[in-house]
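Inspection log for the structure reproduced underneath, given as structure tokens.
Only heavy atoms go into these numbers, but all of them, side chains included; no hydrogens, no water, no symmetry mates.
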Amino acid sequence: MTKVALLGAGGKMGVRLATNLKGSRFDVDHVEVSDVGRERLKAAIGVDCVDMDVALAQADVVLMAVPDRLIGKIAHSIIDKVRPGTALIVLDAASPYAGEMPVRDDVTYFVTHPCHPPIFNDETDMAAKNDFFGGISAKQHIVCALIQGPEEHYALCEEVARNIYKPVMKAHRCTLEGIAFLEPALSETVGITLCLAMKEAVDEVVKHGIDREAATDFMLGHINIGLSIAFGVFKEGKFSDGAIHAINQAKPQIFRDGWLERVFNKEAVLQSVKDICNA
């Protein structure tokens, strides 16, 4: 049976992963340094943690459910404790893309990250509809990259990824750089920033006397149809002439010329992940 050492098993993300790995074909050693985390894990799935050195010494896969900014530091502290051929899986591309992982040619590095449940989906169960993060009830896609190591390790690490993020639909194979472009650049620098901007816009119209519930309902409904048209989900849908005019008028007011080039160039993405690692 494949042995997995789950580091950070008692953290919020660690408990999620431990829950999904329970009952899988993987034999999991749970590692957690804090008493609070150990108690949380015990309450959640009824397992005890093991000594880190013991877990690392016998692990085939080391799954690092630790904060993004600590991945590099922790990897350096454990790298001499794992066997040749061990696969280390990280859940974010920032540290490896920033060059913070230790150099060791006889281990595998693999990164995987959830796409989170899509806005447009076929979920009918209320638990799935309300699983916004994913990994509980709602189906989601994931991205994966084999940073270094033998090709046969890709299938093993993807299997682990599908288990920790289940239920999974597609597992998109990407490069390390590709995942760094997806997060933080695409999802956070652009996507989440625009989400917060829309929330700020709702707050602003409320200041002008519009009922907050009405403004929120209006915005969320228009986001739904707007995204469905923009991404080709609602194939027969089209923006009205008035909407197109408003868009053309608004874009120069909201966005500076060249913003895409400034966000999506390698130097900017690399600097962004370095900032995240050293936040």
Side-chain angles (χ1 to χ4, degrees), residues 93 112-145 158 161-162 165-175 177-265 268-269:
T112 182
H113 199 80
C115 295
H116 303 298
I119 291 176
F120 305 111
N121 58 67
D122 60 358
E123 303 290 3
T124 56
D125 180 71
M126 286 307 299
K129 284 179 174 290
N130 290 318
D131 180 13
F132 301 107
F133 188 89
I136 301 175
S137 300
K139 300 185 292 293
Q140 63 179 333
H141 306 296
I142 62 174
V143 293
C144 303
E158 184 191 299
R162 284 183 171 275
Y165 294 135
K166 67 183 181 183
V168 170
M169 294 179 284
K170 295 178 183 177
H172 298 284
R173 184 166 184 173
C174 303
T175 63
E177 182 173 83
I179 295 181
F181 267 71
L182 294 175
E183 183 161 310
L186 181 65
S187 61
E188 296 172 343
T189 306
V190 177
I192 303 303
T193 300
L194 293 179
C195 289
L196 291 174
M198 288 186 283
K199 170 58 167 59
E200 291 173 2
V202 169
D203 293 340
E204 187 63 26
V205 300
V206 170
K207 293 179 183 177
H208 290 265
I210 310 299
D211 176 75
R212 179 172 293 279
E213 186 176 2
T216 300
D217 288 346
F218 204 79
M219 175 64 94
L220 294 180
H222 280 74
I223 290 171
N224 186 52
I225 191 170
L227 288 175
S228 72
I229 295 173
F231 282 86
V233 177
F234 179 25
K235 297 187 183 303
E236 62 271 33
K238 293 182 179 180
F239 293 117
S240 68
D241 291 341
I244 293 172
H245 177 75
I247 292 165
N248 291 334
Q249 293 287 100
K251 285 183 73 174
Q253 300 296 320
I254 298 173
F255 298 101
R256 291 186 295 155
D257 289 342
W259 72 273
L260 283 167
E261 292 80 3
R262 285 191 297 276
V263 171
F264 293 104
N265 67 76
V269 174

How long is the span from the [atom1] atom in [X] to the [atom2] atom in [Y], to the nearest 0.5 Å?
X	Y	atom1	atom2	answer
His141	Tyr165	NE2	OH	15.0 Å
Ser187	His113	OG	NE2	6.5 Å
Glu213	Thr216	CD	OG1	8.0 Å
Arg212	Lys207	CZ	NZ	10.0 Å
Ile179	His172	CD1	NE2	11.0 Å
Thr193	Glu200	OG1	CD	9.5 Å

Could you check whether any side-chain N or O of [X] sits under 3.5 Å from a backbone N or O of [Y], counting only pairs where one atom can act as donor and the other as acceptor?
X	Y	answer
Glu183	Glu188	no
Asp131	Ala127	no
Thr112	Cys144	no
Arg162	Met169	yes

Heavy-atom side-chain proximity of [X] to [Y] below 4.5 angstrom:
X	Y	value
Pro167	Lys139	yes
Phe264	Leu186	yes
Leu260	Phe255	no

Considering only distance and modelled atom types, tabulate donor-acceptor pairs under 3.5 Å from the side chains of residues 219-231, sequence neighbours left out.
unit_1, atom_1, unit_2, atom_2, d
His222, ND1, Phe218, O, 2.8
Ser228, OG, Ile225, O, 2.7

